[in-house]
**Q** 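Sharing a structure below in structure tokens format, with a few things to ask.
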Protein chains: 2
Amino acid sequence: MEDVKKSEKYSCVATCPMRNVIAHFANKWSMLLLVILDEFGVMRFNELSRAIPDISPKVLSGHLKTLEAIGLVRRVLYAEVPPRVEYDLTGLGMTLIPILDELSEWGREHLEDVSGNLAKKVVD
Amino acid sequence: MEDVKKSEKYSCVATCPMRNVIAHFANKWSMLLLVILDEFGVMRFNELSRAIPDISPKVLSGHLKTLEAIGLVRRVLYAEVPPRVEYDLTGLGMTLIPILDELSEWGREHLEDVSGNLAKKVVD
DNA sequence: CTGGATCCTATGGGATACTG
DNA sequence: CAGTATCCCATAGGATCCAG
């Protein structure tokens, strides 16, 4: 840390794990979905819809699919009519929960309340 | 948790701390900026630019301003010619670092490497 | 009930040039 | 050096309707 010039240690483009996190979670719903699934356990599509009233079905579906692809969420389809689909966290998904809880708690302590409004301008 | 029907506990729109976190950090650069500032300490604008080569000056400036407004980053302007501005984490900013480090470490262990490519399609 | 298909827009972000 | 001004664009996300 001391024996190397800053400029030589710079550039974090490759092999920066935080970038992987950001690539997956810098979006409006992924982290929220995970904490909701943790809080309520097994949930059906419409239950998730009701739990997060301000997400559209298309976007909800898309995020669930992505989270399933990463291996954080499990999707179980029951061959019934009408169809029943249940979502819950995988083991891997659960390993993320403690961290998200810390994050959440940190936000509760240190961030102004946005009253659910997730649209937040950052630049401009 | 057991004595209340799910549907009655639903809806997390108001007073969900995770939403506050998302409102501030569901973007491409905020969390990365914080960990970089933690790693390198006091940094000037161009040092940050070089540390994150793929961020434009406008966007960098915007995020720094926002992070300063939240109280996570401190900006110190020195009345010199040419001007010198130094950025570093505030005490509050530092309280977030352990959590971000956990997140980062989690990503290193469990996420595929995106090789710095932060543009990640989630839906569609 | 689960979600796909469509259409649409807001905006986060990029590139570049320029200034005090 | 430290940004701002401009212009531009991709796309994440929203609304609605429809289908198996």
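Fair warning: this is a prediction, and the values are worked out from it, not measured in the lab.
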**Q** Given side chains that start at C-beta, do those of B/Ile52 and A/Arg19 come closer than 4.5 Å, heavy atoms only?
**A**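 Of all side-chain heavy-atom pairs linking A/Arg19 with B/Ile52, at least one is under 4.5 Å.
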**Q** Between A/Asn27 and A/Ser30, does a side chain to side chain donor-acceptor pair (under 3.5 Å) hold up when you go through it step by step?
**A** CA-CA 7 Å; A/Asn27 62 66; A/Ser30 291; 3.0 Å; yes
**Q** Could you check B/Ala26 against A/Ser61 and say which one's nearest nucleotide on DNA chain C is further toward the 5' end?
**A**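 Nearest nucleotide further toward 5': that of A/Ser61.
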**Q** When all nucleic acid strands are considered with a 4.0 Å heavy-atom cut-off, which category describes A/Tyr78: base, sugar-phosphate, or nothing?
**A**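 Answer is nothing: A/Tyr78 stays at 4.0 Å or more from every strand.
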**Q** Taking CD1 from B/Ile22 and C1' from C/dG12, how many angstroms apart are they, rounded to a whole number?
**A**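 Roughly 17 Å, once rounded to whole Å.
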**Q** Counting primed atoms plus P, OP1 and OP2 as sugar-phosphate and everything else as base, spell out the protein contacts along nucleotides 15-20 of chain D at 4.0 Å heavy-atom distance: B, S or - for each nucleotide, 5' to 3'.
**A** BB---B
**Q** Would you kindly give the CG-to-C1' distance between A/Leu64 and C/dG3, to the nearest whole Å?
**A**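 Taking atom C1' of C/dG3 as the reference, CG of A/Leu64 is at 10 Å.
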**Q** Side chain of A/Asn46: nearest nucleotide among C/dG14, C/dT2, D/dG13?
**A**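 Nucleotide nearest to A/Asn46's side chain: C/dT2.
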**Q** Could you tell me whether A/Glu105 and A/Arg108 make a salt bridge, using a distance below 4.0 angstrom between a side-chain N and a carboxylate O?
**A**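 Yes.
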**Q** Please pick, from D/dG3, C/dG14, C/dT2, the nucleotide with the shortest atom-to-atom distance to any side-chain atom of B/Trp29.
**A**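 So the side chain of B/Trp29 is nearest to C/dG14.
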**Q** Between C/dG12 atom C1' and B/Leu60 atom CG, what is the distance in whole Å?
**A**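 Distance check: B/Leu60 CG to C/dG12 C1' gives 15 Å.
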**Q** Applying side chain to side chain contact (heavy atoms under 4.5 Å, CB included), can you list everything that pairs with B/Val76, at least two apart in sequence or on another chain?
**A**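 Partners of B/Val76 by the side chain to side chain contact (heavy atoms under 4.5 Å, CB included) criterion, ordered by chain and then number, come out as B/Arg74, B/Tyr78.
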**Q** In whole Å, I'd like the distance from the NZ atom of B/Lys28 to the C1' atom of C/dT11.
**A**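 One finds 14 Å between C1' of C/dT11 and NZ of B/Lys28, rounded.
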**Q** Taking only Watson-Crick and G-U wobble pairs with both distances under 3.5 Å, what dot-bracket line describes DNA chain D, where [ ] shows pairs that cross earlier ones and | shows pairs with another strand?
**A** ||||||||||||||||||||
**Q** Can you see if the side chain of B/Tyr87 gets near the phosphate of D/dC1 - specifically, an N or O under 4.0 Å from OP1 or OP2?
**A**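 Answer no for this pair, as no side-chain N or O of B/Tyr87 is under 4.0 Å from OP1 or OP2.
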**Q** For C/dG13 and B/His63 - does any side-chain N or O of the residue sit under 4.0 Å from the phosphate oxygens OP1/OP2?
**A**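 For B/His63, the contact criterion (side-chain N or O under 4.0 Å from OP1 or OP2 of C/dG13) is met.
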**Q** Counting C-beta onward and ignoring hydrogens, is there a side-chain heavy-atom pair between B/Pro57 and B/Phe45 closer than 4.5 Å?
**A**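 Contact flag for B/Pro57/B/Phe45 side chains = yes.
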**Q** Round to a whole Å and report the spacing from CD1 of B/Ile52 to C1' of C/dG14.
**A**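 Taking atom C1' of C/dG14 as the reference, CD1 of B/Ile52 is at 15 Å.
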**Q** Taking C-beta and beyond as the side chain, do B/Ile22 and A/Met31 meet within less than 4.5 Å on heavy atoms?
**A**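 Yes. Closest side-chain heavy atoms under 4.5 Å.
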**Q** Would you kindly give the CG-to-C1' distance between B/Asn27 and C/dG12, to the nearest whole Å?
**A**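 Computing the B/Asn27:CG to C/dG12:C1' distance gives 9 Å.
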**Q** Do the non-hydrogen side-chain atoms of A/Ile97 and A/Leu89 ever get within less than 4.5 Å of each other?
**A**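 In short, these two side chains touch, coming nearer than 4.5 Å.
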**Q** Please determine which of A/Leu60, A/Ile36, A/Asp54 meets the side-chain contact (heavy atoms from CB on, under 4.5 Å) test together with A/Trp29.
**A**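 Passing option: A/Asp54.
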**Q** Honestly curious: do B/Leu77 and B/Val73 fall in one hydrophobic cluster under the side-chain, below-4.5 Å linking rule?
**A**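 Same hydrophobic cluster.
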**Q** Using whole Å, what does the distance between atom C1' of nucleotide D/dG13 and atom CG of A/Leu33 come to?
**A**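 After rounding, the reported distance stands at 13 Å.
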**Q** C/dC1 C1' sits how many Å from A/Arg44 CZ, rounded?
**A**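 The distance from CZ of A/Arg44 to C1' of C/dC1 comes to 6 Å, rounded to the nearest Å.
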